[in-house]
Amino acid sequence: MTPSKTALWTRFQQQYFEHPELGLALDLSRVDFPDTFLARMERPIQRALIAMAELEKGGIANPDERRMVGHYWLRNPGLAPTATLSAEIRRTVTEIHEFAAAVHSGTIAGTGGSFQNLLVIGIGGSALGPQFVARALGHPATDRLKPWFFDNTDPDGMDRVLAELAGQLDRTICVVISKSGGTPETRNGMLEARAAYTKAGLAFSKHAVAVTGVGSALDKEALSGAWIRRFPMWDWVGGRTSETSAVGLLPAALQGLNIDGLLEGAGRCDEVTRRTDTHRNPAAQLALMWYFLGEGRGSKDMVVLPYKDRLELFAKYLQQLVMESLGKELDLDGRIVNAGIAVYGNKGSTDQHAYVQQLREGVLNFFVTFIEVLSDRSGPSIEVEPGVTSGDFLNGFLLGTRSALHENGRQSITLTVRDASPFTVGVLIALFERAVGLYASLVNINAYHQPGVEAGKKAAASVLALQSLAAAHLAAHPERSFSAADLASAIGRAEEAETVFKILTHLRANQRGIASTGTGTSALFHQAAPASTS
Ligand code: PA5
């Protein structure tokens, strides 16, 4: 039975927590946890807070990779375990400021004059944070450089960006970001960008900057190629928690965004979310709600609905932060747990005209995290109806959907923030980073490695090795035709017939010197004259 409005108001008063120092409020009233839940979880959450304190002191928090986990030091360098690390963090922020100022003033310029565009090349944790922040805080009227992204190895995707930059590459600075410095998608993006510069008669090196681990393949490339500059990425910062390192700060500073505000928001949120009083710690509360709603095993998906266009990419950013961190097969004791929380979302009220229908009435396999932004816009609003603005509508749709969902037994958390400022974006990033870390402790998993991602990278490498073998065999026998199965056998990989078939159909579709007769899986493939790739 739906509780009465009076009962809901009573619960709201009990479960609404304001943090004026962060411009943040957390409403847990639409999560139907019983009174006993928090008491029962007090010991586990205290253990999680202790583990987090150890992590912040520099303990080995990523046991598989034997690494420290230090993203919290980025906003408070004094907390880093050594004076050398503190100094490096501070120096990097200063250098980012100085570099961005030199770019903005034209002291550092492209071959065609002062830089106007910023092309960021990276993927995963080396792209999602910069993309989220660029969209959340950028504005065409105030951006110092216009941001663009290569975040994939999709040739057509890159061509579309390059078409936007046609004739402007000489005033485009490329920031190539890869912690490992060896990620194929990012390397390909760099090579494609470099080819575009070369085709335009320009030296890529005079427009390129690297953010990467010292000594990585990318670092060596940037050093030997005399790129404009290299910024460090430390092994104790994970990709998906790297927004407050040079990975996020450099692109943001180049775009002209207030990175000090971002760092301050994240740092203040860190202070609040270190509290051991669970009721006063919004990250602990979030982690506990996730645990309750998903029964500690991710049985409910998290739908993230910010009612603000600027925060549109937050769901995508959180999807990686949460799912790459929590989606683990084994727990820390080696038991199979298949942990995780699925995350998706986009923005309200737009999504009300898409999948919210199913949320209201369909399969109940989710909970919602609403994000309410109090400030509508920087200036005054017109009235779209007497006494009512567009922003009032947005607010009305949020409240309406929240209550319509709850009436139908759909639970939600609501986060309210003051605005979509650098400070607030820093708060949101730090809040979810810590909630993820605490939840990981509650379910006893390592949030800081990504063995599944590594497995995908290895599998892709073996597909490309198979492609080389298959193509070489066809080239060596130009007079013969092969079915995929015959070709797989001929190269000694009979069990890979399906992959060989998929490789050949891809090469054929792209005029890569493969033709065929017949259709379907029994098609016969043979060598054909390759189309020019220049
Ligand atoms: O969060 C992570 O660790 C990953 O998503 C990485 O950021 C991603 O794989 C890119 O790695 P790199 O920065 O080494 O190119």
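Below, each value reflects all heavy atoms present in this structure, side chains not excepted, and no hydrogens, waters or symmetry copies. Indexing begins at 1, ligand by ligand and atom by atom, following the structure's order.
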Option among Val209, Thr212, Thr186, Leu119 that satisfies the side-chain contact (heavy atoms from CB on, under 4.5 Å) test with Val176: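 Only one option passes, and that is Thr186.
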Within the structure provided, determine whether Tyr197 and Cys174 are in side-chain contact (heavy-atom separation under 4.5 Å).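 Touching, per the 4.5 Å side-chain cut-off.
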Validation row: His139, Arg310 side chains within 4.5 angstrom (heavy atoms):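 Side-chain contact under 4.5 Å: yes.
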Of all the non-hydrogen atoms in the protein, which one sits nearest to [atom], and at what distance?
atom	result
atom 11 (O) of ligand 1	Thr183 OG1, 3.5 Å
atom 6 (C) of ligand 1	Gly125 N, 3.8 Å
atom 5 (O) of ligand 1	Gln320 NE2, 2.7 Å
atom 8 (C) of ligand 1	Ile123 O, 3.7 Å
atom 14 (O) of ligand 1	Ser180 OG, 2.6 Å
atom 2 (C) of ligand 1	Glu324 OE2, 2.9 Å

So is Thr186 polar-close to ligand 1, meaning N/O to N/O under 3.5 Å?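 No; the residue has no nitrogen or oxygen that sits under 3.5 Å from a nitrogen or oxygen of the ligand.
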As a quick check of understanding, evaluate side-chain contact (heavy atoms from CB on, under 4.5 Å) for Asp156 and Arg160, giving each step before the final call. CA-CA 6 Å; Asp156 175 59; Arg160 282 158 54 110; 3.9 Å; yes
Just do the side-chain hydrogen bond (donor to acceptor under 3.5 Å, both in side chains) check on Trp234 and Glu88 with the steps written out, would you? CA-CA 10 Å; Trp234 300 289; Glu88 262 185 74; 2.7 Å; yes
Is the ring centre of Tyr344 less than 6.0 Å from the ring centre of Phe366?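 No, they do not, as the ring centres are separated by 6.0 Å or more.
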Please check if the distance between the ring centroids of Tyr317 and Phe432 is under 6.0 Å.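 Centroid separation for Tyr317 and Phe432: 6.0 Å or greater.
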Closer than 4.0 Å to some heavy atom of [X] - which atoms of ligand 1 meet that?
X	value
Gln450	3 (O)
Gly239	1 (O), 2 (C), 3 (O), 7 (O)
Ser178	12 (P), 13 (O), 14 (O), 15 (O)

Would Glu185 count as a contact residue for ligand 1, given that I'm defining contact as a non-hydrogen atom of the residue lying under 4.0 Å from a ligand atom?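 Distance cut 4.0 Å: Glu185 fails for ligand 1.
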Is the closest heavy atom of Lys457 to ligand 1 under 4.0 Å?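 A heavy atom of Lys457 does come that close to ligand 1.
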With no hydrogens and no angle check, just 3.5 Å: does a side-chain donor-acceptor pair link Thr92 and Glu95?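 On atom types as modelled, these side chains do not qualify, holding no pair under 3.5 Å.
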